[in-house]
Structure formats: C-alpha cells, structure tokens
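Reading through the structure tokens given below for one structure.
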Amino acid sequence: MRIDIITLLPELLESPFSASILKRAIDNKIVDVVFHQLRDYSEDKHRRVDDTQFGGGAGMVMTVQPISKVIDHLKSQRTYGEIIYMSPDGTRFNQSIANTLSTCENIMILCGHYKGIDHRIRDEYITKEISIGDFVLSGGELPAAMVCDAIIRLLPGAMGDETSALTDSFQDDLLAPPVYTRPAEWRGHKVPEVLLSGHAKKIDDWRHDQAIKRTQDLRPDLLGLED
Ligand code: SAH
C-alpha cells in the first residue's frame with residue numbers, strides 16, 4: 001500500500017511514523033508513506049498557499065493553485081482508491097472506514113490549515129471527507145496520522161500476530177473483553193478463573209459474554225440499543 005500525504009507541516013507527521021508498528025511496516029515495505037510539502041507546489045514568488053476569504057471574515061483559506069498542482073501530479077503517476085480531505089465536517093472516522101481503506105492500493109490524504117481549503121478543491125478531487133470527531137484542531141496532520149495508524153496496523157504483516165487486530169474493539173461492533181497478564185493475583189485481585197483453565201472453548205465463550213456485557217454497559221448504541 002502507498003499513502004501520499006499533502007501537508008504544510010510534515011514535521012508534525014514525522015514522529016507517529018518513526019516508532020512501533022508504523023515504523024516496522026514502513027521498514028518492512030508493507031506500506032510506503034510519502035509526505036509532500038504543499039509549499040513546494042506554490043507558483044507564488046513567496047511560496048504562499050493561502051489568501052483572504054471572498055466575502056470577508058477572519059481566517060485565511062488555502063488556495064486552489066498549489067493543491068491542484070500536487071494532486072494532478074500525483075494522479076498522473078498512479079490511480080488512487082481514495083483522495084481524502086481531513087475535515088471536521090466529514091464522515092466521522094470509525095473502524096469500518098479503517099477496514100475499507102486498508103484494502104486500497106493507493107490513498108492520498110490532504111491536510112488542511114487555517115479556515116480550510118477552497119471548496120472547489122473538495123468538489124473537484126476529494127472522494128472522501130473524514131472527521132476524527134466533533135471538535136476543531138488547527139491542522140489536518142494529527143487527524144491524518146490517526147487515520148494512517150488505524151489503517152496500517154490492519155495491513156497483513158504489520159502486527160506480530162495478524163489475528164490480534166481482529167479481536168480489538170469495534171471489529172464486530174463489540175468492545176473488547178478485559179485482558180490480564182501475570183501475576184495471577186495482585187493486591188488480592190484475582191484474574192478470572194476461567195482464563196487460567198486452559199479450556200479454549202470456555203475462554204472464548206467468557207470473552208464473548210464479557211464483550212457483550214461491556215458493550216451493553218458502555219456503548220449500547222453499538223448494539224442498536226438506546227444509550
Ligand atoms: N473552518 C473549518 C475548520 C478548519 S480547522 C471548519 O469550521 O470546519 C483547519 C484544518 O484542520 C481543517 O482543514 C482540517 O484539515 C483539520 N481538522 C480540524 N479539525 C478536524 C477534525 N475534527 N477532523 C479532521 N480534520 C480536522
């Protein structure tokens with residue numbers, strides 16, 4: 001898989017890709033992540049990428065020229081499964097979107113700044129708009145890094161044990177069951193007996209029951225119940 005990220009602040013994106021599963025996936029060529037500095041595509045002599053809003057009002061808007069230039073350039077090189085704009089008014093990101101995106105061969109992610117991008121870019125190129133929640137951040141880099149993390153950890157070979165991602169929360173619309181490790185007793189709190197039984201079927205059943213119980217208690221909306 002290849003992910004192209006268009007950004008004004010690539011330095012904000014560096015550390016999430018420099019450690020742990022994401023770094024390993026890049027080192028092992030499971031994914032190629034390429035940052036594109038939007039300013040490099042500006043034809044303005046001061047490399048500007050923003051301008052004041054038509055109609056007036058506070059806040060600058062990212063202009064069409066450099067964005068269209070970088071997107072046209074990338075599109076001329078390969079076909080993209082999705083061209084994503086990170087935006088608070090986009091579809092709320094979730095595991096199901098991460099699962100779908102993880103099957104794409106190439107995706108492009110555009111990070112906004114200031115008041116956002118000229119809307120005509122959204123109309124012309126963007127195939128998916130993703131929000132990470134109902135709050136506003138100052139730029140699209142942190143949201144883009146979150147989306148990339150959620151996608152990359154699903155790619156075959158990215159995690160030590162590929163089945164691990166399948167048992168995480170949301171994969172079956174259930175929250176994950178509780179997990180424990182050694183010691184079996186700590187400050188009088190014992191690990192549930194069944195987990196020490198070595199009985200695979202009983203353990204599976206217990207985990208499933210716990211997942212349903214936790215989901216009912218904490219996120220009934222996932223089960224289609226009122227919250
Ligand atoms: N004026 C816009 C907010 C711009 S915030 C509005 O009111 O909708 C600047 C940039 O940060 C956005 O272009 C977007 O790329 C990014 N961003 C901010 N909050 C975000 C969120 N919740 N999800 C995804 N991207 C977000």
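Read the numbers this way: they start at 1 and go in the same order the structure lists the ligands and their atoms.
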*When you look for heavy atoms under 4.0 Å from ligand 1, do you find them on the side chain of I130, its backbone, both, or neither?*
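Near ligand 1, I130 shows its backbone, while the atoms from C-beta on stay back.
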*Just let me know how Y114 lines up against ligand 1, side chain, backbone, both or neither, with a heavy-atom cut-off below 4.0 Å.*
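The backbone, only.
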Could you tell me whether [X] and [Y] make a salt bridge, using a distance below 4.0 angstrom between a side-chain N and a carboxylate O?
| X | Y | answer |
| --- | --- | --- |
| D89 | R122 | yes |
| D168 | R153 | yes |
| D209 | K213 | no |

*asked:* Does any part of the side chain of R92, heavy atoms only, come nearer than 4.5 Å to the side chain of I130, both counted from C-beta?
replied: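 Answer no - side chains too far apart.
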*Answer whether the closest heavy-atom distance between the side chains of D4 and V70 falls below 4.5 Å.*
no
Taking N or O atoms only and a 3.5 Å limit, does [X] qualify as a polar contact for ligand 1?
| X | value |
| --- | --- |
| L110 | no |
| G133 | yes |
| M86 | yes |
| Y85 | yes |

Among all protein heavy atoms, pick out the one at the shortest distance from [atom]; state its residue, atom name and that distance to 0.1 Å.
| atom | result |
| --- | --- |
| atom 23 (N) of ligand 1 | I132 N, 3.1 Å |
| atom 26 (C) of ligand 1 | P88 CD, 3.7 Å |
| atom 24 (C) of ligand 1 | S87 N, 3.4 Å |
| atom 22 (N) of ligand 1 | F135 O, 2.8 Å |

*Please round to the nearest 0.5 Å and tell me the distance separating atom CG of D173 and atom CZ of R219.*
9.5 Å
_Any donor-acceptor N/O pair, S42 side chain to R48 backbone, under 3.5 Å_ =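 Between the backbone of R48 and the side chain of S42 there is a qualifying donor-acceptor contact (under 3.5 Å).
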*Short question: side chain of S169, backbone of A176 - any donor-acceptor pair under 3.5 Å?*
yes
Going by the atom numbers of ligand 1, which of them fall below 4.0 Å from some non-hydrogen atom of [X]?
| X | result |
| --- | --- |
| S131 | 22 (N), 23 (N), 24 (C) |
| G140 | 11 (O), 15 (O), 16 (C) |
| P143 | 24 (C), 25 (N), 26 (C) |
| K115 | 1 (N), 2 (C), 4 (C) |
| G116 | 13 (O) |
| G112 | 10 (C), 11 (O), 13 (O), 15 (O) |
| L137 | 5 (S), 9 (C), 11 (O), 18 (C), 19 (N) |

_Could you check whether atom 7 (O) of ligand 1 has a protein contact, counting only heavy atoms that fall below 4.0 angstrom?_
no
*What pair of heavy atoms forms the shortest contact from A158 to R24, and how long is it?*
O-NH1, 3.7 Å
*Angle class for the H73/Y41 ring planes (parallel below 30°, perpendicular above 60°, tilted otherwise)?*
tilted
*Going by the side chain to side chain contact (heavy atoms under 4.5 Å, CB included) test, name the single residue among M146, H113, M86 that passes it with E141.*
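Considering M146, H113, M86, a side chain to side chain contact (heavy atoms under 4.5 Å, CB included) with E141 is found only for H113.
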*Compute the minimum heavy-atom distance from S138 to ligand 1 and say whether it is under 4.0 Å.*
yes
*Does ligand 1 have an atom under 4.0 Å from some heavy atom of D89?*
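Checking ligand 1 against D89, which is what was asked, there is no heavy-atom contact under 4.0 Å.
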_Hydrophobic cluster membership, with links at side-chain heavy-atom distances under 4.5 Å among I/L/V/M/F/W/Y: are I84 and Y125 in one?_
no
